[in-house]
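We count ligands from 1, going down the list as the structure has it; atoms in each ligand are counted the same way. Below, each value reflects all heavy atoms present in this structure, side chains not excepted, and no hydrogens, waters or symmetry copies.
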Amino acid sequence: MVDRPYLCPICRSNRTQFDLVFRLARAVVKDAETGAITYESNTMELLGPPRGPEREVHCRRCGYTGAEHLFVRAAQRADERRVPYRRSSR
Ligand SMILES: [Zn+2]
């Protein structure tokens, strides 16, 4: 879906400036008895692209972060409005 047009569903003015949100992970080793962290890596590992739960998009204009499909759907709705056509009623 990343090649589909986006429109921020909140500010509705941004179609071009976004961040794709990825998860960073830091490896830790815990003591099974006390729960204390006995080792913590110095580096962060990039987990992604996420499987299962959907990719998130961050609007760089208003700061909203939401699921990618919300941005794609907002763009589709705006395009439908821009090219009006008669829609059959449900
Ligand atoms: Zn926005």
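Evaluation of the salt bridge (charged side-chain N to carboxylate O under 4.0 Å, His left out) rule for Arg60 yields Asp19 as partners, not counting sequence neighbours.
Here the protein contributes Cys8 SG, Cys11 SG, Cys59 SG, Cys62 SG as N, O or S atoms under 2.8 Å from the Zn ion (ligand 1).
Side chain of Arg15 to main chain of Leu7: no donor-acceptor pair is present (N/O by atom type, distance under 3.5 Å, no hydrogens or angles). Side chain of Lys30 to backbone of Gly35: a donor-acceptor contact under 3.5 angstrom is found.
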Would you please test Leu24 and Phe22 for side-chain contact (heavy atoms from CB on, under 4.5 Å) and show each step? CA-CA 7 Å; Leu24 283 175; Phe22 290 88; over 6 Å; no
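Using a 4.0 Å cut-off between charged nitrogen and carboxylate oxygen, Glu40 and Arg26 count as a salt-bridge pair.
A 4.5 Å side-chain heavy-atom check between Gln76 and Arg4 finds at least one atom pair inside the cut-off.
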